[in-house]
**Q** 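Pasting in a structure now, in structure tokens, and then I'll have a few things to ask.
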Amino acid sequence: MLSTVRCRLSSWRLLSSISSTTSSTIKYSTLPELTKDRYPNVRRSDYSIIKSNHLEFFKDLLGEHRLITDENECLAYNTDWIKANRGYSSCVLKPKSTEEVCSILKFCYDNNLAVCPQGGNTGLVGGSVPVFDEVILSMSLMNKIISLDETAGILTCEAGCVLENLDNYLAERELMMPLDLGAKGSCQIGGNVATNAGGLRLLRYGNLQGNVLGLEAVTPNGRVVDCLSALKKDNTGLHLKHLYIGTEGSLGVVTKVCIKCPPKPKAVNLAFLGLNSFENILKVFKKSRHELGEILSSCEAIDADSLAVTTEHLKLKSPLDKFPFYMLIETHGSDNTHDEEKLNRFLGKVMEDGSVLDGIATNEPSKMKDIWDLRERITEGYLHDGYVFKYDLSLPLEHFYSLVPIMKDRVGRDAIRISGYGHIGDGNVHLSICVKEFSTEVLNKIEPFIYEYTSKLKGSISAEHGIGFRKTNYVHYSKSQEAIDIMTNIKCIMDPKGILNPYKVYPPSRRWSNFK
Ligand code: FAD
Ligand code: 2HG
Ligand code: ZN
């Protein structure tokens with residue numbers, strides 16, 4: 001029989017308490033070195049340097065409160081959430097409307113000023129902060145809900161709406177956002193769309209490429225691309241919205257989004273399981289697909305070292321004893337008696353055949369939240385260890401965990417901790433290699449090996465976080481030369497001066513550097 005959850009965990013959420021609108025109050029105890037110093041091979045292109053006449057224009061447009069130039073205030077916008085990248089922009093702009101975004105981009109385009117679009121600044125690949133002194137375009141004040149069609153479940157809103165706020169708004173109307181991630185308290189829907197964020201329930205609800213019905217974007221020279229369709233079916237030529245979903249702000253700034261929202265499930269159940277091997281994780285996942293079928297909403301795997309960062313550093317309490325591996329299996333359905341029965345039958349089977357050693361199951365909201373915290377706050381817990389080299393890979397399921405022992409051999413004692421966890425249901429592992437502080441020597445032990453390994457297995461070097469600044473040299477491990485040429489050509493056509501999010505997403509190929 002499954003035991004019940006006995007512990008009470010804190011309800012405090014770091015990410016709910018941080019938003020870019022209040023980011024000037026964040027205390028940075030240790031700042032990362034400037035990106036330009038950490039990566040000296042990346043050279044600033046010949047964009048203009050911000051001058052007083054530029055600032056005058058922005059001040060006239062936005063007023064003095066929505067133009068930030070104070071060095072301390074700019075710091076939070078220059079530094080990413082995981083403190084791995086830092087630019088030195090002296091200009092943060094906070095538009096409140098699409099028209100203002102158009103005026104800003106047209107001005108930047110005409111004056112050859114580079115721009116870094118920024119949402120909640122929770123991105124993990126250095127895409128959301130400037131590399132040098134790019135103007136930061138913060139979307140946080142474009143945070144209005146425009147409309148909700150409750151019958152069809154279609155929400156239209158501005159890009160700066162925080163994911164959790166949208167979800168809370170929808171919950172009151174028995175709907176939900178089709179994505180959920182640990183950064184929900186800060187990340188914005190525009191940032192989610194720009195990164196094509198995956199998250200914890202992609203297995204059930206699919207990705208944003210499928211859930212975004214339409215969007216509005218502004219081109220680098222300030223024109224509005226109105227693709228804000230709310231239609232589920234619309235085969236009128238090219239689906240231009242895909243130019244903006246997952247292209248990380250490199251082709252345009254997303255200003256509005258129209259998104260499909262499923263009904264909020266009437267029945268939610270969550271099981272937290274302890275296992276002794278990765279092979280058993282695969283067995284349990286396979287069984288969950290067959291036994292839980294249409295109600296399976298999430299299947300996550302965590303190894304002991306990953307869980308330890310939340311129990312040791314964040315003092316969260318695990319309701320289970322120590323095991324080498326853990327799984328979270330969640331169901332979303334409409335009939336609790338049916339779902340509970342199904343889940344219990346499944347759990348009975350996996351305990352009986354020995355693949356699960358212990359576990360708890362609950363449908364009490366506070367207990368489910370406590371369990372989810374153990375999974376969602378691993379990223380935050382890792383910040384306490386030191387510098388984390390993060391890898392977000394898609395791998396064939398049987399190889400999901402294979403890099404952990406390989407990396408332990410390669411990096412050895414240089415690492416404080418090497419662990420793997422992630423979205424087993426989507427074949428997406430998050431590998432974290434933690435060291436006391438950033439070291440090029442350790443980096444060279446990891447890269448490009450890790451990407452070569454992934455490529456040989458036909459995996460992806462970025463399952464969900466994107467390419468950002470950090471992976472531009474490695475795109476060819478996941479894309480053919482022809483595909484890279486097309487990507488680069490599209491960038492050249494849509495942003496001929498290359499002002500939007502430079503040094504990111506595209507490989508620094510000869511063609512691109514000739515162009516810019
Ligand atoms: P930002 O970080 O501000 O920006 C990300 C990229 O999008 C940048 O390139 C930026 O230039 C661009 N951008 C932002 N807004 C716009 C816009 N309006 N128009 C054009 N471009 C824009 N990611 C996942 O996929 N799955 C997860 O499960 C997940 N969990 C996370 C958990 C934690 C604790 C943290 C810190 C991060 C997590 N992430 C996850 C990564 C991150 O939260 C996502 O990438 C998220 O979608 C970024 O949204 P944001 O608003 O913070 O965007
Ligand atoms: C998650 O699934 C996120 O928790 C973050 O994608 C992963 O921190 C990471 O590496
Ligand atoms: Zn993830």
Side-chain angles (χ1 to χ4, degrees), residues 13-15 18-20 23 77 80-82 84-85 95 98 101 105 115-130 134 136-140 142 158-163 179-202 207-208 215-218 220 244-257 298 300-302 306 309 372 375-383 388-393 419-423 426 428-434 462-470 500-502 504-505:
R13 293 183 57 80
L14 178 80
L15 283 164
I18 293 180
S19 82
S20 49
S23 52
Y77 298 87
D80 62 358
W81 193 82
I82 48 166
N85 297 276
T98 301
V101 174
L105 287 182
V115 178
C116 173
Q118 189 175 89
N121 196 11
T122 65
L124 298 172
V125 287
S128 56
V129 289
E134 300 90 280
I136 298 172
L137 184 64
S138 166
M139 298 301 288
S140 54
M142 287 193 62
E158 291 183 330
C161 290
V162 170
L163 178 62
L179 81 161
D180 185 15
L181 43 148
K184 60 182 150 258
S186 295
C187 66
Q188 301 172 2
I189 190 64
N192 299 147
V193 169
T195 53
N196 189 27
L200 303 162
R201 297 193 182 84
L202 185 139
N207 63 24
L208 285 173
L215 53 75
E216 177 191 85
V218 179
Y244 303 99
I245 305 175
T247 50
E248 303 177 60
S250 67
L251 300 179
V253 173
V254 177
T255 42
K256 291 181 187 134
V257 174
S298 188
E300 297 284 311
I302 311 175
S306 302
V309 299
W372 268 119
R375 162 64 185 87
E376 290 182 28
R377 294 181 64 186
I378 294 171
T379 306
E380 178 193 338
Y382 249 115
L383 293 183
V388 192
F389 292 99
K390 283 179 177 293
Y391 299 92
D392 158 45
L393 311 166
S419 79
Y421 66 100
H423 317 288
D426 310 320
N428 173 191
V429 64
H430 294 310
L431 180 78
S432 303
I433 300 174
C434 190
S462 174
E464 58 175 5
H465 297 161
I467 298 296
F469 168 70
R470 304 285 296 287
L500 215 47
N501 238 358
K504 296 171 186 161
V505 185

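Each ligand, and each atom within it, is numbered from 1 in the order the structure gives.
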**Q** Take Arg470 and Asn85 through the side-chain contact (heavy atoms from CB on, under 4.5 Å) test and state the conclusion after the steps.
**A** CA-CA 9 Å; Arg470 304 285 296 287; Asn85 297 276; 3.5 Å; yes
**Q** Hey, does Gly466 sit under 4.0 Å from ligand 1 if you only count heavy atoms?
**A**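 Gly466: no contact with ligand 1 (<4.0 Å).
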**Q** Say you draw a straight line from CZ of Arg201 to CG of Asp426; how long is it, rounded to the nearest 0.5 Å?
**A**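 The distance works out to 12.0 Å.
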**Q** What residue and atom, counting heavy atoms only, is the protein's closest point to atom 1 (C) of ligand 2, and at what distance?
**A**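 Atom 1 (C) of ligand 2 sits closest to the protein heavy atom Arg375 NH2, 3.4 Å.
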**Q** So how far is it from Leu163 CG to Asp180 CG, rounded to the nearest 0.5 Å?
**A**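 It is 6.5 Å, given to the nearest 0.5 Å.
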**Q** What are the atoms of ligand 1, with element, lying closer than 4.0 Å to any heavy atom of Leu181?
**A**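 Reading through ligand 1 atom by atom, the close ones are 23 (N), 27 (C), 28 (O), 29 (C), 30 (N), 39 (N), 40 (C), 43 (O).
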**Q** Decide whether an N or O pair under 3.5 Å exists between Glu376 and ligand 1.
**A**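 It does not: no N or O of Glu376 is found under 3.5 Å from an N or O of ligand 1.
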**Q** Hey, is ligand 1 close enough to Leu124 that some N/O pair sits below 3.5 Å?
**A**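 Min N/O separation from ligand 1 is not below 3.5 Å for Leu124.
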**Q** For atom 47 (O) of ligand 1, which candidate among Asn207, Thr195, Val253 holds the nearest heavy atom?
**A**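 Comparing heavy atoms across Asn207, Thr195, Val253, the nearest one to atom 47 (O) of ligand 1 lies in Thr195.
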**Q** Which residue owns the protein heavy atom closest to atom 10 (O) of ligand 2, what's the atom, and how far is it?
**A**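 Nearest neighbour among protein heavy atoms for atom 10 (O) of ligand 2, to 0.1 Å: Lys390 NZ, 3.3 Å.
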**Q** Does the pair Met142 and Val101 meet the rule for a side-chain contact (heavy atoms from CB on, under 4.5 Å), with working shown?
**A** CA-CA 10 Å; Met142 287 193 62; Val101 174; 3.8 Å; yes
**Q** At under 4.0 Å between heavy atoms, is it the side chain or the backbone of Thr379 that contacts ligand 1, or both, or neither?
**A**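 Near ligand 1, Thr379 shows its side chain, while the N, CA, C and O stay back.
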**Q** Taking non-hydrogen atoms only, is His465 closer than 4.0 angstrom to ligand 1 via side chain, backbone, both or neither?
**A**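 Only the side chain of His465 comes within reach of ligand 1.
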**Q** Under 3.5 Å between some N or O of ligand 1 and some N or O of Trp81?
**A**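 Looking only at distances, the answer is no, because the N/O contact criterion of under 3.5 Å is not met.
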**Q** For ligand 1, which atoms, with element, lie under 4.0 Å from some heavy atom of Ser128?
**A**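 Listed by number with element: 1 (P), 2 (O), 3 (O), 4 (O), 8 (C).
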**Q** Once you measure the plane-to-plane angle for His430 and His423, does it fall in the parallel (<30°), tilted (30-60°) or perpendicular (>60°) bin?
**A**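 His430 and His423: perpendicular rings.
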**Q** Could an N or O of ligand 1 be found under 3.5 Å from any N or O of Glu464, whether backbone or side chain?
**A**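 Yes, there is a polar N/O contact under 3.5 Å.
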**Q** Which ligand 1 atoms, with their elements, are less than 4.0 angstrom from a heavy-atom of Gly252?
**A**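 Matching atoms, with element in brackets: 20 (C).
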**Q** Show me which atoms of ligand 1 lie under 4.0 Å from any heavy atom of Gly249.
**A**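 Those atoms are 20 (C), 21 (N).
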**Q** Can you tell if the side chain of Leu105 reaches within under 4.5 Å of the side chain of Leu500, non-hydrogen atoms only?
**A**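 Yes, their side chains come closer than 4.5 Å.
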**Q** If I apply the N/O under 3.5 Å rule, does Gly120 come out as touching ligand 1?
**A**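 In this structure, Gly120 places an N or O atom under 3.5 Å from an N or O of ligand 1.
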**Q** When you check the side-chain N and O atoms of Asn121 and Ser128, is any donor under 3.5 Å from an acceptor?
**A**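 Result is yes, a qualifying pair exists.
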**Q** Would you give the length of the straight line joining atom OH of Tyr391 to atom OG of Ser432, rounded to the nearest 0.5 angstrom?
**A**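 The distance works out to 10.5 Å.
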**Q** Judging by distance only, is a nitrogen or oxygen of Ser432 under 3.5 angstrom from one on ligand 2?
**A**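 No; every N/O pair is 3.5 Å or more apart.
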**Q** How close does the nearest protein non-hydrogen atom get to atom 5 (C) of ligand 2, and which residue and atom is it?
**A**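 Answer for atom 5 (C) of ligand 2: Thr379 OG1, 3.3 Å.
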**Q** Has Gln118 got any heavy atom lying under 4.0 angstrom from an atom of ligand 1?
**A**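 Judged by the 4.0 Å heavy-atom criterion, Gln118 does count as contacting ligand 1.
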**Q** Regarding ligand 1, does Ala194 bring an N or O atom to under 3.5 Å of one of the ligand's N or O atoms?
**A**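 No; every N/O pair is 3.5 Å or more apart.
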**Q** Please say whether Met139 places an N or O atom under 3.5 Å from an N or O atom belonging to ligand 1.
**A**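 Among all N and O atoms of Met139, none is under 3.5 Å from an N or O of ligand 1.
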**Q** Is it the case that ligand 2 has an N or O less than 3.5 angstrom from some N or O of Glu376?
**A**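 No.
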**Q** Which one holds for Trp81 and ligand 2: side chain close, backbone close, both close, or neither close, with close meaning a heavy atom under 4.0 Å?
**A**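 Neither part.
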**Q** Determine whether a donor-acceptor pair (N or O, by modelled atom type, separation under 3.5 Å) exists between the side chain of Glu248 and the backbone of Gly468.
**A**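 Answer holds: yes.
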**Q** Heavy atom under 4.0 Å from ligand 1: found in Leu200's side chain, backbone, both, or neither?
**A**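 Neither; no heavy atom under 4.0 Å.
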**Q** May I ask you to list the atoms of ligand 2 that are less than 4.0 angstrom from any heavy atom of His423?
**A**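 So the atoms of ligand 2 that pass are 2 (O).
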**Q** I'd like to know whether Ile189 forms a side-chain contact (heavy atoms from CB on, under 4.5 Å) with Val254, so could you lay out the CA-CA distance, the side-chain angles of the two residues, the decisive distance to 0.1 Å, and finally the verdict.
**A** CA-CA 9 Å; Ile189 190 64; Val254 177; over 6 Å; no
**Q** Which of the atoms of ligand 1 are close to Asn192, meaning less than 4.0 Å from one of its heavy atoms?
**A**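 In order of numbering, the contacting atoms are 46 (C), 47 (O), 49 (O).
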**Q** Near Gly199, which atoms of ligand 1 are under 4.0 Å from a heavy atom of that residue?
**A**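 Atoms satisfying the 4.0 Å criterion: 26 (N), 27 (C), 28 (O).
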**Q** Tell me whether the Zn ion (ligand 3) has His465 as a neighbour, meaning an N, O or S atom of it below 2.8 Å.
**A**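 No, outside the cut-off.
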**Q** Between Gly420 and Ser306, what is the shortest heavy-atom contact and its length?
**A**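 Residues Gly420 and Ser306, closest heavy atoms: O-OG, 3.5 Å.
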**Q** Below 4.0 angstrom from a heavy atom of Gly123, which ligand 1 atoms are there? Numbered from 1 as shown, please.
**A**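 So the answer, numbered in order with elements, is 2 (O).
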**Q** Between Leu124 and ligand 2, which residue portion shows a heavy-atom distance shorter than 4.0 Å: side chain, backbone, both, or neither?
**A**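 Side chain only.
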**Q** Report yes or no: does a heavy atom of Tyr391 sit under 4.0 Å from some atom of ligand 2?
**A**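 Tyr391: no contact with ligand 2 (<4.0 Å).
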**Q** Can you tell me how far the CG atom of Leu431 sits from the CG atom of Leu393, to the nearest 0.5 Å?
**A**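 Spacing of CG (Leu431) from CG (Leu393) equals 6.5 Å.
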**Q** Evaluate the side-chain contact (heavy atoms from CB on, under 4.5 Å) criterion for residues Gln118 and Val129: first the C-alpha distance (whole Å), next the side-chain angles of each, then the deciding distance (0.1 Å), finally the verdict.
**A** CA-CA 7 Å; Gln118 189 175 89; Val129 289; 3.9 Å; yes
**Q** Any idea which protein heavy atom is nearest atom 6 (O) of ligand 2, and the distance to it?
**A**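 Scanning the protein heavy atoms, the shortest distance from atom 6 (O) of ligand 2 goes to His465 NE2, 2.7 Å.
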**Q** Give the numbers and elements of all ligand 1 atoms closer than 4.0 Å to a heavy atom of Gln188.
**A**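 Reading through ligand 1 atom by atom, the close ones are 50 (P), 51 (O).
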**Q** How far is atom 7 (C) of ligand 2 from its nearest protein heavy atom, and which residue and atom name does that atom have?
**A**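 The protein heavy atom lying closest is Tyr421 OH, 3.3 Å.
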**Q** How about Leu137 and Val253: do any of their side-chain heavy atoms sit closer than 4.5 Å?
**A**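 Side-chain contact under 4.5 Å: yes.
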**Q** Using heavy atoms and a 4.0 Å limit, tell me yes or no: is Gly198 in contact with ligand 1?
**A**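 Flag set, Gly198 near ligand 1.
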**Q** Roughly how far apart are Asn192 CG and Cys187 SG, rounded to 0.5 Å?
**A**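 Interatomic distance, Asn192 CG to Cys187 SG, rounded to 0.5 Å: 4.0 Å.
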**Q** Nearest to the Zn ion (ligand 3), which N, O or S atom of Glu464 do we find?
**A**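 Result for Glu464 and the Zn ion (ligand 3): OE2.
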**Q** Are any non-hydrogen side-chain atoms of Met139 and Pro117 less than 4.5 angstrom apart?
**A**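 Contact flag for Met139/Pro117 side chains = no.
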**Q** Would you check if Trp372 and Ser298 make a side-chain contact, meaning some heavy-atom pair closer than 4.5 Å?
**A**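 Trp372 vs Ser298: side chains touch.
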**Q** Drop me the distance from Leu383's CG to Trp81's CH2, to the nearest 0.5 angstrom.
**A**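 Nearest 0.5 Å value for the CG-CH2 distance: 4.5 Å.
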